2 protein chains.
Amino acid sequence: MKSSNNGDGTVGKALEVLDMVASFERPIRFSELLEASPYPKATLYRLVQTLTNQRMLSYDPESQYYRLGIRLVKLAHVAWASSSIAPVVRPHIDALSRDLGEVVHLAQLDNAQVLYIDKRNAGETIPMYSQAGKVGPAYCTGVGKTMMAFLPKDELDEIVSQQSFHRFTPKTLADAESLKAELQAIRDRGYGFDDEEHEPEIICVALPLLSSSGRVLGGISVTSTTNKTDLNGLASFVPRMREAARDIQEEVQNWRFPDQTFTK
Amino acid sequence: MKSSNNGDGTVGKALEVLDMVASFERPIRFSELLEASPYPKATLYRLVQTLTNQRMLSYDPESQYYRLGIRLVKLAHVAWASSSIAPVVRPHIDALSRDLGEVVHLAQLDNAQVLYIDKRNAGETIPMYSQAGKVGPAYCTGVGKTMMAFLPKDELDEIVSQQSFHRFTPKTLADAESLKAELQAIRDRGYGFDDEEHEPEIICVALPLLSSSGRVLGGISVTSTTNKTDLNGLASFVPRMREAARDIQEEVQNWRFPDQTFTK
DNA sequence: AATTTAGTTCCAAATATTGGGACCAAAAAT
DNA sequence: ATTTTTGGTCCCAATATTTGGAACTAAATT
C-alpha cells in the first residue's frame with residue numbers, strides 16, 4: 001500500500017492525467033504536466049503516450065504541446081444525445097427563450113459543480129460545445145442553488161461541504177450557514193434566484209427538474225441583467241417556466257430510445 | 001502473447017469499452033455490452049465499474065442501463081475550446097453562413113472519418129445528418145474528399161484503404177479508383193463538391209484548411225439542396241470561401257493562448 | 001419447486017505497471 | 001568550442017494490478 005491516487009488503478013490514473021490536461025484549458029508541455037502531477041517522469045510519460053495513442057490527447061511534435069484530443073468531442077456528442085434530458089429539453093428551452101426574450105440554460109450537477117448542458121441565446125442559436133460543457137460554482141448560481149435545494153439531506157450536506165465559497169461579489173453567499181438558509185427559502189418558494197451573486201448585474205431565476213420519484217435531474221434558468229429587469233420581473237417568468245418544467249418532466253418519464261426493447 | 005486488443009494495456013481496453021457504449025448511441029444493459037465485447041464477464045464487469053466510478057459512464061440502478069457520462073461533455077468542452085482551429089473558425093463560418101445564406105460546416109479528419117467540429121445554420125434548419133461531434137464517411141462528403149485530397153501520399157493511401165465504400169446513392173463514388181480520380185480533380189480545382197453522393201438532393205462545396213507547411217488542419221463546407229441551386233451555383237461561393245479560408249489560416253498561425261509563454 | 005438469466009464476487013496465476021536511473025539531443029551557459 | 005542544463009525517451013527487475021474460470025446470489029421464467 002502506498003499509491004497517492006484515487007483507487008481505480010491505471011485507468012483512474014490515466015483519466016486523472018486527462019483531467020489535469022483539461023484543467024490548464026490550453027495546450028501544455030510535458031514538463032508542465034510533470035510538475036502538476038504526482039507521478040514520476042517515466043510513469044507519466046507512458047500514461048501520456050497511451051492517451052495520445054488512443055487519441056484522447058493530441059500531440060503536436062512541432063510545438064511539443066499536448067492538448068485534449070478530438071475523440072472526446074465525438075464521445076461527448078453521443079453522451080449528450082443519449083443523456084435522458086438534453087435532447088428532450090432542447091425544444092423547450094428554445095421556446096422559453098423565444099417567448100421570454102432572454103438567455104435560457106439547462107444544467108446538471110456534476111461533482112458538486114454546475115455543468116451547463118445546453119444554452120439558448122435570445123436571438124440566435126449557439127451550437128454545441130462553445131457553451132455546453134462549461135462548469136460553474138453551485139453555491140452562487142441560480143441553477144446550482146436550486147438543484148441543491150431539492151437534493152436529499154445526506155447528499156445536500158455532502159455537496160455543501162464541497163463548495164469553495166469564494167466571494168465573487170458583495171452579494172455572494174460565502175458560507176455554509178447563509179447558503180443553507182437560502183436553500184430553505186428556495187424549497188419553500190419552489191424556485192431560486194441568483195441576485196448578482198456570481199457576477200455584478202447578472203440576475204437569474206431557476207427551476208429544478210425532478211423525476212417522478214423526486215430525484216433532481218437538472219435545472220433550467222432564465223438569465224437577465226439588472227438594467228433590463230429585477231427579481232420581481234424574473235419572478236413573473238416563473239409560471240411560463242413551470243409549464244416548461246412540467247412538460248419536460250412528463251416527456252423525460254415517457255421517453256424511450258426508438259429501438260430500446262423493454263420486457264415490462 | 002494472446003490478447004485480442006489494441007495494445008494499450010488496461011487503459012486501451014477501458015477506452016474500447018467506452019467506444020463500445022458510444023457505438024450503441026443509446027443506453028444499454030451490461031449483458032448487451034458483454035455480447036458485443038471480447039472480454040469475459042468478470043473483466044468487463046470490472047472495467048465498467050471503474051469507468052462508472054470515474055463518471056465516464058453513468059449507471060441508472062432503476063433501469064439497469066449504462067450510458068456515457070457527463071464528464072465527457074465537460075472534457076469535450078475544453079477539447080473544443082483549446083483545439084487550434086475551432087474557436088478561430090467560429091466567427092468565420094458565422095459570417096459565411098450569414099453572407100451566403102446556407103449551412104456551413106467545419107470538420108476535421110478523425111480515424112479515416114469526417115468529424116464535424118462546428119456547424120452554423122442559416123435561417124431554418126435543413127433536416128440533415130450533422131452536428132458538432134457527429135462523424136460521417138470521408139469518401140462521400142464534400143469536406144471528407146477535400147481534406148483527403150490534400151493529404152501526403154502515404155497518408156492518403158492509408159486512409160483510402162480504410163474507407164468502407166457503401167453506395168448511399170446512385171452517385172456515390174463506391175470504389176478506390178473513382179475516389180482517387182476525384183481527389184485528383186479536387187487537387188487541380190482547389191476545392192471539392194459533394195454531388196448528392198451521401199444523401200439525395202444534398203449538395204455541397206468544400207475547401208481545405210491548410211497550415212503554412214501544407215498540413216491539412218480541417219475543412220469548411222457550404223451545403224445546399226438541388227432545388228435551391230446546383231454545383232455551378234455552389235462554385236460561385238468559392239471566392240468568398242477562399243477569403244475566409246485565407247483569414248482562418250493566417251489567424252491559426254498567429255494564434256496563441258493568452259498566457260502561453262514562448263521562449264522563441 | 002426447478003430452471004434459466006443477469007449480475008456480482010473470489011482468488012491464484014498471469015500480466016502489466018512502476019520508477020530509479022541511464023541515455024540522448026538540443027539549448028543555454030561558460 | 002566545450003561544458004552544463006534542460007526536456008524528453010527508454011530499460012528492466014521488483015511489484016502491484018489485472019485476469020477470468022468458476023462459484024454464488026437474486027430475480028424472473030417455466
Side-chain angles (χ1 to χ4, degrees), chain A residues 1-21 24 26-54 56-67 69 260-264, chain B residues 1-21 24 26-54 56-67 69 257 259-264:
Chain A
M1 166 172 306
K2 42 83 95 80
S3 115
S4 66
N5 98 326
N6 40 38
D8 280 312
T10 322
V11 176
K13 285 170 210 166
L15 294 175
E16 195 189 335
V17 169
L18 211 61
D19 258 356
M20 231 152 57
V21 174
F24 282 80
R26 60 174 177 83
I28 55 165
R29 280 237 184 74
F30 175 78
S31 50
E32 297 183 81
L33 246 195
L34 181 58
E35 240 178 306
S37 101
Y39 305 113
K41 198 155 57 153
T43 301
L44 183 68
Y45 181 71
R46 249 173 308 99
L47 245 23
V48 163
Q49 292 274 91
T50 303
L51 253 8
T52 304
N53 247 340
Q54 294 287 333
M56 299 297 277
L57 290 180
S58 86
Y59 179 63
D60 176 15
E62 277 180 59
S63 65
Q64 304 194 117
Y65 274 81
Y66 288 92
R67 60 185 75 194
Q260 196 168 114
T261 39
F262 263 79
T263 30
K264 73 150 64 161
Chain B
M1 165 174 304
K2 45 84 95 83
S3 115
S4 65
N5 98 327
N6 38 39
D8 279 313
T10 322
V11 176
K13 285 171 209 165
L15 294 175
E16 194 189 336
V17 170
L18 212 60
D19 258 356
M20 230 152 56
V21 175
F24 282 80
R26 60 175 178 84
I28 55 166
R29 281 236 182 77
F30 175 77
S31 51
E32 296 183 81
L33 245 195
L34 181 59
E35 243 179 302
S37 100
Y39 305 112
K41 201 154 56 152
T43 302
L44 183 67
Y45 181 71
R46 250 173 305 101
L47 245 25
V48 163
Q49 292 274 90
T50 304
L51 253 10
T52 304
N53 246 339
Q54 294 288 331
M56 299 298 276
L57 290 179
S58 86
Y59 179 64
D60 176 14
E62 277 181 59
S63 66
Q64 304 193 118
Y65 274 80
Y66 288 92
R67 59 188 75 195
F257 273 83
D259 45 309
Q260 196 168 116
T261 38
F262 262 79
T263 29
K264 71 150 67 159

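Just so we're clear, the structure is a prediction, and the values are computed from it rather than from any experiment. Within every chain, numbering begins at 1; the chains are lettered A, B, ... in the order of the sequence lines, protein sequences first and strands thereafter.
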Checklist entry - In whole Å, what is the span from the CG atom of A/L34 to the C1' atom of C/dG21? => result 15 Å
Next on the checklist: Could you measure the distance from the OH atom of B/Y39 to the CG atom of B/L34? Nearest 0.5 Å is fine.
Outcome noted: 12.5 Å
Under 3.5 Å, which protein N or O atoms sit close to an N or O of nucleotides 9-13 of chain C? Give each pair with its distance.
from	atom 1	to	atom 2	distance (Å)
C/dT9	OP2	B/Y45	OH	3.3

Item to check | Partner set under side-chain hydrogen bond (donor to acceptor under 3.5 Å, both in side chains) for B/E32, not counting sequence neighbours | outcome: B/R26
Checklist entry - Just checking B/T43: base, sugar-phosphate only, or nothing, at a heavy-atom cut-off of under 4.0 Å? => result base
Next on the checklist: For B/L15 versus A/M56, what's the shortest heavy-atom pair and its separation?
Outcome noted: CD1-CG, 3.6 Å
Checklist entry - Any idea which heavy atoms bring B/M20 and B/A36 closest together, and the distance? => result SD-O, 3.8 Å
Item to check | B/Q64 vs B/Y59, side-chain contact (heavy atoms from CB on, under 4.5 Å): CA-CA, chis, key distance, verdict | outcome: CA-CA 7 Å; B/Q64 304 193 118; B/Y59 179 64; 3.6 Å; yes
Next on the checklist: Using heavy-atom distances to pick each residue's nearest nucleotide on DNA chain D, tell me which of A/V11 and A/F30 is more 5'.
Outcome noted: A/F30
Next on the checklist: At less than 4.0 Å, is any side-chain N or O atom of A/K13 found next to OP1 or OP2 of C/dT18? Yes or no.
Outcome noted: yes
Item to check | Distance, rounded to the nearest Å, where A/Q64 contributes CD and C/dA27 contributes P | outcome: 9 Å
Item to check | Interatomic distance where CZ belongs to B/R29 and P belongs to D/dA28 [whole Å] | outcome: 11 Å
Next on the checklist: Without decimals, in angstroms, what is the distance between A/Y39 OH and C/dT18 P?
Outcome noted: 8 Å
Checklist entry - Think B/S31 has a side-chain N or O under 4.0 angstrom from the OP1 or OP2 of C/dT5? => result no
Next on the checklist: I'd like to know whether B/Y65 forms a side-chain contact (heavy atoms from CB on, under 4.5 Å) with B/R29, so could you lay out the CA-CA distance, the side-chain angles of the two residues, the decisive distance to 0.1 Å, and finally the verdict.
Outcome noted: CA-CA 5 Å; B/Y65 274 80; B/R29 281 236 182 77; 4.1 Å; yes
Item to check | A/L47, nearest nucleotide to its side chain (from C/dT17, C/dG7, C/dT18) | outcome: C/dT18
Item to check | Rounded to 10 degrees, the angle between the two terminal axes of the helix from C/dA1-D/dT30 to C/dT30-D/dA1, each from five pairs | outcome: 30°
Next on the checklist: From CG of A/L44 over to C1' of D/dG7, roughly how many Å is that when rounded to an integer?
Outcome noted: 13 Å
Using atom types as modelled, flag every donor-acceptor pair under 3.5 Å from a side chain in residues 41-51 of chain A to any protein atom, sequence neighbours excluded.
from	atom 1	to	atom 2	distance (Å)
A/T50	OG1	A/R46	O	2.9

Item to check | Set of residues satisfying salt bridge (Lys or Arg N to Asp or Glu O under 4.0 Å) with respect to A/D19, sequence neighbours excluded | outcome: B/R71
Nucleotide N/O to protein N/O under 3.5 Å, stretch nucleotides 4-6 of chain D:
none

